[in-house]
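Not measured: the values here are computed from a predicted model.
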Amino acid sequence: MKKIFLTLFTISLLFMLFQCEDDSKLTKEQELQELVTLKQTINDLASQSVCNENTECKFIAFGSKPCGGPWSYLVYSTSIDENKLEKLVEQYNQKEAAFNIKYTIFSDCSYVNPPSSTKCENNTCIPVYQN
């Protein structure tokens, strides 16, 4: 039993000693480009949504301000793959939050109000804000 443990320990130690460095480290510019590309993908998907009597308009917090909270709210209809949109937005928000921390990004700390509701005009979902 002792021999098996010693063998496994030695193999584990060798793996740790000779592991390769992670060459997939991205530069700040590359990470920013990933965010830009993902944001465009999200906007493209949301812009494909149309509203009518068979769909519902919704909104989701979009982006991650360095001080906390979203940059904006993305309005869309249920005519698109909501699951896909929600997962992409969640991924984007997490990546942007990590980017902000990693590179000590600053912004204004103003609070962005969510829409009070949404409405459908000309087959497009529109946010409604109360004054």
Side-chain angles (χ1 to χ4, degrees):
M1 184 68 151
K2 210 176 199 182
K3 206 172 201 179
I4 293 173
F5 175 76
L6 187 57
T7 303
L8 289 174
F9 178 76
T10 304
I11 291 171
S12 298
L13 187 60
L14 286 172
F15 276 122
M16 290 187 323
L17 288 173
F18 295 105
Q19 72 181 4
C20 297
E21 284 297 312
D22 185 6
D23 294 331
S24 65
K25 300 284 185 205
L26 300 177
T27 66
K28 181 179 179 181
E29 292 74 24
Q30 289 169 322
E31 288 183 48
L32 186 57
Q33 186 56 51
E34 277 188 349
L35 284 169
V36 168
T37 301
L38 183 54
K39 186 175 187 176
Q40 187 61 53
T41 300
I42 291 166
N43 283 323
D44 289 347
L45 178 58
S47 70
Q48 293 173 9
S49 72
V50 294
C51 59
N52 54 42
E53 62 278 350
N54 299 321
T55 61
E56 179 184 353
C57 291
K58 293 185 172 185
F59 61 88
I60 188 170
F62 190 33
S64 180
K65 289 182 105 174
C67 289
W71 284 103
S72 64
Y73 288 87
L74 184 65
V75 179
Y76 63 97
S77 84
T78 56
S79 68
I80 60 171
D81 185 344
E82 290 180 84
N83 257 349
K84 181 177 179 179
L85 180 69
E86 289 169 0
K87 286 178 183 175
L88 288 170
V89 169
E90 182 180 343
Q91 180 184 6
Y92 179 85
N93 292 351
Q94 289 174 356
K95 282 182 176 245
E96 187 172 42
F99 181 87
N100 292 342
I101 292 167
K102 183 176 182 178
Y103 295 108
T104 320
I105 304 299
F106 293 95
S107 73
D108 65 21
C109 292
S110 62
Y111 177 74
V112 178
N113 287 318
S116 54
S117 64
T118 56
K119 64 181 179 178
C120 182
E121 285 185 4
N122 299 320
N123 296 65
T124 303
C125 291
I126 307 292
V128 176
Y129 294 94
Q130 296 281 332
N131 288 334

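A distance of 7.0 Å separates NZ in Lys102 from CG in Leu26, rounded to the nearest 0.5 Å. Between Cys120 atom SG and Glu56 atom CD the span is 11.5 Å, to the nearest 0.5 Å. Taken to the nearest 0.5 Å, the NZ atom of Lys95 stands 12.0 Å off from the CG atom of Leu32. With rounding to the nearest 0.5 angstrom, the OG1 atom of Thr124 is 11.0 Å from the CG atom of Asn52. For the atom pair CG (Leu45) and OH (Tyr76), the distance works out to 10.0 Å, reported to the nearest 0.5 Å.
No more than 12 heavy atoms of other residues, nucleotides or ligands shown are found within 6.0 angstrom of CD on Gln130. The environment of CG in Asp108 is crowded: more than 12 heavy-atom neighbours from other residues, nucleotides or ligands sit within 6.0 Å. Counting heavy-atom neighbours within 6.0 Å of Tyr129 OH, excluding the residue itself, gives a total above 12.
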Verdict with supporting geometry, Gln40 and Asp44, side-chain hydrogen bond (donor to acceptor under 3.5 Å, both in side chains): CA-CA 6 Å; Gln40 187 61 53; Asp44 289 347; 2.6 Å; yes

Could you walk me through whether Cys109 and Cys67 satisfy the disulfide bond (SG atoms under 2.5 Å apart) test, starting with their C-alpha distance in whole Å, then the side-chain angles of each, then the deciding distance to 0.1 Å, before giving a yes or no? CA-CA 5 Å; Cys109 292; Cys67 289; 1.8 Å; yes

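Using modelled atom types, no side-chain atom of Ser77 and backbone atom of Ser49 make a donor-acceptor pair closer than 3.5 Å. Counting only distance, with no hydrogens or angles, the side chain of Lys39 and the backbone of Gly63 share no donor-acceptor pair below 3.5 Å. The backbone N or O of Ser64 sits less than 3.5 Å from a side-chain atom of Glu96, completing a donor-acceptor pair.
Ser116 has its side chain within reach of Val128: a pair of non-hydrogen atoms, C-beta onward, lies under 4.5 Å apart. Under the 4.5 Å side-chain criterion, counting only non-hydrogen atoms from C-beta, Glu34 is not in contact with Phe99. Counting only heavy atoms from C-beta outward, the side chains of Lys58 and Thr118 never approach each other to under 4.5 Å.
The two residues Pro127 and Val75 make their nearest non-hydrogen contact at CB-CG2, 3.8 Å. Between Ile80 and Gln48 the shortest heavy-atom distance is CG2-C, 4.0 Å. Between Leu88 and Thr41, the closest heavy-atom pair is CD1-CG2, 4.2 Å. Nearest heavy-atom pair across Thr27 and Gln30 is N-OE1, 2.8 Å. Annotation for Ser72 and Val112: closest pair CA-CG1, 4.2 Å, computed over non-hydrogen atoms.
For the cysteine pair Cys51 and Cys57, the distance separating the two SG atoms is not below 2.5 Å.
Follow the hydrophobic side-chain contacts under 4.5 Å out from Ile60 and you reach Leu38 in the same cluster. In terms of hydrophobic clustering, with Ile, Leu, Val, Met, Phe, Trp and Tyr side chains grouped at heavy-atom distances under 4.5 Å, Ile126 and Leu85 are assigned to different clusters.
Aromatic ring pairs are classed by plane angle as parallel below 30°, tilted from 30° to 60° and perpendicular above 60°; the pair Phe62 and Tyr92 is tilted.
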